[in-house]
Amino acid sequence: VYHAIITSSTVAARRGIAPQTFLTMLAHAGWRGWTGYTLADDVVDGDRGDGVINLLVAHYLIRASLEGYLSVADLLSSRDRVAFKVLVETTFAGMDEAMNWELRYCRAQSAEEKLLPEKFSTRAMPRYGSYDVLAKRSMGHALGAVCVLVAGTGGGFRIASKEVRGMLKVFHHVIIARQLNDDAHDWAGDLRTGKINSVAALLMNAVSKKTVQRSSDIMVLQRLFWKSGMREVARIIMRHADQARQALVPLRRVMKTELF
């Protein structure tokens with residue numbers, strides 16, 4: 001919601017402000033998607049009492065968010081309608097894939113298991129690679145801002161334009177940086193409750209031991225984090241922040257990029 005409104009206000013000077021009804025539809029779609037995926041996360045983590053009911057609510061909200069963005073697409077010009085719908089459907093499919101990947105590789109081995117096995121191999125850690133999965137998990141946040149760019153007065157920008165590609169890259173790298181920051185604060189607590197986040201995986205891939213005892217080796221990982229892990233995570237975060245700034249360059253001629 002915030003990103004869509006900020007984008008529409010910064011585009012105003014050259015492209016005109018998006019109508020209030022248009023922004024309201026984007027706001028509803030964005031809120032439902034964010035709430036639905038957050039609720040689904042809470043159910044998986046066991047933070048919600050009645051998992052079945054909350055999972056049904058989450059599914060409803062996610063579906064309503066998808067349909068909301070597709071309804072907004074119907075307001076676009078015929079030139080852009082199909083392309084934006086493809087982007088929406090691809091983005092939602094990517095979010096589902098990222099969630100499924102996390103459930104398969106980054107969680108305790110069964111729904112009943114609240115803790116990781118007492119002893120587990122550091123060679124079987126989830127492979128976050130370039131952390132694209134972190135971005136894919138939350139790329140729905142970009143859809144409002146992209147839609148405002150596409151719907152601008154005077155025809156707006158095509159989905160394949162460098163401006164829209166730039167906006168998607170901004171969100172891609174910002175989401176990765178923000179999630180790594182969150183994971184750097186939460187990795188130990190997550191590990192104790194059965195979740196191997198990106199920073200925990202980085203630490204366990206760096207540790208020299210082939211196996212880790214969950215109860216006793218958490219201190220080993222914490223020392224490694226303070227000795228070198230925190231610096232490495234900060235370096236990766238700053239790299240993605242720099243890439244996000246570079247991705248803003250094509251947008252400077254149409255919006256006040258300093259607001260980002």
Side-chain angles (χ1 to χ4, degrees), residues 2-3 30 33-34 36-38 40-42 44-45 62 87-88 90-108 116 120-146 164-207 212 218 221-222 224-251 260:
Y2 171 79
H3 294 297
W34 179 82
Y37 279 106
T38 300
D41 257 352
D42 289 347
V44 170
D45 292 338
I62 293 168
L87 176 64
V88 168
T90 302
T91 300
F92 272 79
M95 290 191 286
D96 288 341
E97 288 171 8
M99 176 178 280
N100 290 335
W101 181 88
E102 184 179 313
L103 289 174
R104 182 175 181 182
Y105 297 108
C106 310
R107 304 287 176 134
L116 288 165
F120 53 94
S121 171
T122 57
R123 303 298 179 259
M125 291 300 100
R127 299 182 181 276
Y128 283 89
S130 58
Y131 302 103
D132 287 349
V133 69
L134 299 183
K136 187 183 289 188
R137 184 73 173 74
S138 299
M139 276 303 287
H141 290 304
L143 292 174
V146 166
V164 170
R165 291 199 310 270
M167 182 64 76
L168 289 170
K169 287 180 182 178
V170 170
F171 276 87
H172 176 90
H173 292 295
V174 167
I175 289 169
I176 291 175
R178 289 179 65 88
Q179 189 59 57
L180 283 168
N181 179 67
D182 286 348
D183 288 353
H185 288 83
D186 299 338
W187 70 266
D190 284 348
L191 195 58
R192 290 189 182 98
T193 56
K195 179 180 179 181
I196 306 170
N197 72 25
S198 61
V199 173
L202 182 149
L203 293 172
M204 285 190 281
N205 284 326
V207 77
V212 171
I218 190 72
L221 295 173
Q222 286 177 327
L224 179 62
F225 176 75
W226 291 113
K227 181 180 179 180
S228 59
M230 183 170 63
R231 270 198 312 274
E232 174 63 10
V233 173
R235 185 187 66 79
I236 298 170
I237 289 172
M238 293 307 298
R239 186 180 74 229
H240 283 284
D242 288 342
Q243 288 176 294
R245 293 189 190 95
Q246 292 170 17
L248 280 172
V249 172
L251 298 166
F260 285 83

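Atoms CZ and OG, from R235 and S228 in turn, are 11.5 Å apart once rounded to the nearest 0.5 Å. How far CG of L202 is from CG of L221: 11.0 Å, rounded to the nearest 0.5 Å. In this structure, Q246 CD and Q243 CD are separated by 6.5 Å, a value rounded to the nearest 0.5 Å. Distance check: C106 SG to M99 CE gives 12.0 Å after rounding to the nearest 0.5 Å. To the nearest 0.5 Å, atoms CD1 (I175) and CE (M139) are separated by 5.5 Å. Rounding to the nearest 0.5 Å gives a distance of 5.5 Å between CG of L87 and CG of L143.
Across N197 and D183, no two heavy atoms sit closer than the pair ND2-O, 3.4 Å. Closest approach of A142 to L168, counting heavy atoms only: CB-CD2, 4.1 Å. Heavy atoms only, all atoms of each residue included: A206 and L224 are closest at CB-CD2, 4.2 Å. Residues I237 and L180 approach most closely at CG1-CB, 3.7 Å, considering heavy atoms. Considering every non-hydrogen atom in both I176 and A135, the closest pair reads CG1-CB, 3.7 Å. Across all their heavy atoms, A201 and P126 have their closest contact at CB-O, 3.9 Å.
Taking the six-membered ring where the residue is Trp, F225 and W187 present tilted rings, their angle falling between 30° and 60°. A tilted orientation is assigned to the rings of Y37 and F92, their planes being inclined by 30° to 60°.
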*Tell me, with the steps shown, if V133 and E97 meet side-chain contact (heavy atoms from CB on, under 4.5 Å).*
CA-CA 9 Å; V133 69; E97 288 171 8; over 6 Å; no
*Could you check V199 against M230 for side-chain contact (heavy atoms from CB on, under 4.5 Å), going step by step and ending with a plain yes or no?*
CA-CA 9 Å; V199 173; M230 183 170 63; over 6 Å; no
_Using side-chain contact (heavy atoms from CB on, under 4.5 Å), reason through M95 and I62 one step at a time and then give a plain yes or no._
CA-CA 11 Å; M95 290 191 286; I62 293 168; over 6 Å; no
_Please evaluate residues M204 and L191 with respect to the criterion side-chain contact (heavy atoms from CB on, under 4.5 Å), reporting the C-alpha separation (whole Å), side-chain torsions for both, the decisive distance (0.1 Å), and the verdict._
CA-CA 11 Å; M204 285 190 281; L191 195 58; 3.8 Å; yes
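Within 6.0 Å of CH2 on W101 lie more than 12 heavy atoms contributed by other residues, nucleotides or ligands.
The pair K195-D41 does not meet the salt-bridge criterion, since no charged nitrogen lies less than 4.0 angstrom from a carboxylate oxygen. Using a cutoff of 4.0 Å between basic side-chain nitrogens and carboxylate oxygens, D242 and R245 are scored as salt-bridged.
Although no hydrogens or angles enter the test, the distance criterion places a donor-acceptor pair under 3.5 Å between the side chain of N100 and the main chain of D96.
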